[in-house]
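Single-structure report; data block below.
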Number of protein chains: 2
Amino acid sequence: MTAADSAALHAADGSTGPDATARAASPHTPHADEVITSWTVAREAGVSQSTVSRALRADPRVREQTRQRVEDAARRLGYVPNSLASSLASRSGRTVGVVVSDLTNPFFPSLLSPIHDELQLMGYRVVLFAERTDIPSGQDALNRLLDRSIDGVLVTTATLRSPLADTLRMRGLPLVLLNRYIDGLDVDRVISDNRGGAVAGARHLLELGHRRIGVVRGPSNTSTSRDRMAGLQDALHAEDIALDAALVREGSYSHQSGYQHTRDLLRLADPPTAILCGNDIVAFGAIDAARSLDVRVPQDVSILGFDDVPMASWEVFRLTTVSQPFEEMATAAARMLAERIDQHVEIGPGREQIFPATLVKRSTVGPPRS
Amino acid sequence: MTAADSAALHAADGSTGPDATARAASPHTPHADEVITSWTVAREAGVSQSTVSRALRADPRVREQTRQRVEDAARRLGYVPNSLASSLASRSGRTVGVVVSDLTNPFFPSLLSPIHDELQLMGYRVVLFAERTDIPSGQDALNRLLDRSIDGVLVTTATLRSPLADTLRMRGLPLVLLNRYIDGLDVDRVISDNRGGAVAGARHLLELGHRRIGVVRGPSNTSTSRDRMAGLQDALHAEDIALDAALVREGSYSHQSGYQHTRDLLRLADPPTAILCGNDIVAFGAIDAARSLDVRVPQDVSILGFDDVPMASWEVFRLTTVSQPFEEMATAAARMLAERIDQHVEIGPGREQIFPATLVKRSTVGPPRS
DNA sequence: CTGAAAGCGCTTACAG
DNA sequence: CTGAAAGCGCTTACAG
């Protein structure tokens, strides 16, 4: 999204505000459809078009008095600079593309909010590239990223071996990977310690006495899912316990996947006593599945999530999960990208920032029934 | 968002695809940072720049053979037209702005998905303007809507008496109001029958015998909240029942609001036997509140939502609610806007499309304890 | 401190 | 069917 905030727009209800310009404009714009450009403003202010351009961008070289005159004229006319022309001429629209997945998964809005806020603070607008499975237009989406309307890209849904990031990099587009990374691709990235977080989560289950641990993991082509699995294995190995392959299911990061796979697991002759879920939305599906089978959580089965989205703390869920510091991660990624775009940073090796992932104990994990 | 879908991007993992162009480009682009324009392609294909422009937009006047030659050259060079230049020259970027509220409320993603899909199908990219309460930049957001990067706007969060829509209209920007409308503003709008839906919901409660009905309504400056209240009053009047003002709370459309106000209502000396919530997210907060007080739903209190977001049917909620046909509404609004933009429709009076809102009975409403 | 002019990379009459 | 040229509305050296 060129996510902007219209909060203040609405907040301005009934006051002078956005509409003041429009009102003031009418006496000077007899024809409503007459386009107002910097030339119009120049004429009105009695200066050259170049001076208008400079004044409005607060170029220190223009005299304060002149700037004032230009700004007044611009306000009277309700002038808004044409961003297309300005971006074309300056070769930058201060616009960043953010690639996210299905917004229906609360994880992405949670990550997006801080990204948007930070980027906006730095003067960038953000255009959202939302993954949709039902409309096939990959080349289209890629082209929109490469059509010069975007100055840099934040990818939150990188898939292992996906050519997207590599293509963008070859095209010279500043790029930062957030949340998921790609093996052997030397670009900036901001991730959390998925492996460590999974170790903490798994250990918690083991300490409570769980031995038959089920898993509804995310897609194996994502670094997050792979690293979380690795963390689970680490914790298991430390206790000399083997993961029962029959209890491991792979699915998408969705409620549907959590629901279906958990139902399958719970209907096994010898069901797991705890289920480690790929992320929170999967865990919500798992909780739903348990409920649909009258299996109590955590008395009959423990459920562990990953992410700690806001919903996780709702009373109906009180999900025990591994928390990722969304805000800090988003902020760090936004800053990294801005640095690359603003050329403060040499084209150099990819930088990496790893944030801790910590266990948050709530009410969906307990000791196994014995 | 210029929401695009990267689904296929990722789907293209490892195949030839997006990166094929990049690969093929290298022999022809010794300097990676050399910008490739339509002139580069013209030289490569041995035609004029105008012909390149025409060929690539499939102008029927260019000979098939020429078109082929140009397309081949473009592919070899990995050429992607500069959308800024193209939009500036053609005065249209086929881009629509969609103003939504906090994406954290699942209602908006649910509405956004079909909007995005439909618009994309029609060749528009969509830029999301997401309302944020924590960053004050109303004029900023308005300017971004008016800076010529947007050809039309879909507003889903119009607030009664908000100047936004009026300003946009005065600026001549094609505009469609979706979900909420503004009194006395003659613009296109697509809404659901909020009043009728509320009547159906309230009647359901009355038929079950509820007489002390509590309300956690949405903001009074939204048409949705006001119309739903009117519907409730209609149903009450028909039965000659008066609404107890002490049981009516106004809040935002948020979990937090539903939670807090419901806790207050439930701790009253004589609490309501049913609570009509402003929308689903408020209802989820209400369910959480009941749970936090060990009040059973629906045995001790009935809870009714509005919207029927996907989460409403999750097992943990099984929320009885009033369903709005999101997809159809979104599609209708997208089409209406596209018509305005494409000038198929005269500047004329605002058109209105109203969709039915229907009661969906699930498990959060039952007879009152007697 | 300000202006005239070139240029950003396209689209689109206007000729031919 | 194709090309030369003007123009979209800005930014930014280059002069003064």
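Heavy-atom basis, side chains included; hydrogens, waters and symmetry copies ignored. Every chain is numbered from 1, with letters handed out A, B, ... down the list of sequences.
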Footprint ends on DNA chain D, 5' to 3', for atoms under 4.0 angstrom from a heavy atom of chain B, come out as dC1(D) to dG9(D)
What's Thr37(B) touching, base or sugar-phosphate or nothing? Going by heavy atoms closer than 4.0 Å.
sugar-phosphate
Look at the side chain of Asp147(B) and the backbone N and O of Ser83(A), then say whether any donor-acceptor pair between them is shorter than 3.5 Å.
no
Please answer whether the main-chain N or O of Ser53(B) pairs with a side-chain N or O of Arg57(B) as donor and acceptor at a distance below 3.5 Å.
yes
Watson-Crick/G-U partner (both atom distances under 3.5 Å) of dT2(C)
dA15(D)
Pick the closest DNA chain D nucleotide for Ser90(B) and for Arg57(A) by heavy atoms, then say which residue is nearer the 5' end.
Ser90(B)
Starting at the 5' end of DNA chain C and moving along, which residue's nearest nucleotide shows up first, Val62(A) or Ala85(A)?
Val62(A)
Using modelled atom types only, decide if a donor and an acceptor are shared between the side chain of Asp151(A) and the backbone of Thr95(A) within a distance under 3.5 Å.
yes
Salt bridge between Arg335(B) and Glu339(B), side-chain N to carboxylate O under 4.0 Å?
no
For a quick check of understanding: with a heavy-atom distance under 4.0 Å over all strands, which category does Arg148(A) fall into, base, sugar-phosphate or nothing?
nothing
For Arg69(A) and Leu84(B), take the nucleotide of DNA chain C holding the closest heavy atom to each; which residue's nucleotide lies nearer the 5' end?
Arg69(A)
Do Ser48(B) and Thr51(B) get their side chains close enough for a donor-acceptor pair, meaning under 3.5 Å?
yes
Contact class for Ser86(B) vs. all strands (heavy atom < 4.0 Å): base, sugar-phosphate, or nothing?
sugar-phosphate
Considering only NZ, NE, NH1 and NH2 on the basic side and carboxylate oxygens on the acidic side, decide whether Asp166(A) and Arg169(A) come within less than 4.0 Å.
yes
Check every strand shown and say whether Ser83(B) touches a base, only sugar-phosphate, or nothing at a heavy-atom separation below 4.0 Å.
nothing
Once you apply a heavy-atom cut-off of 4.0 Å, does Ser87(B) come out as touching a base, just sugar-phosphate, or nothing?
nothing
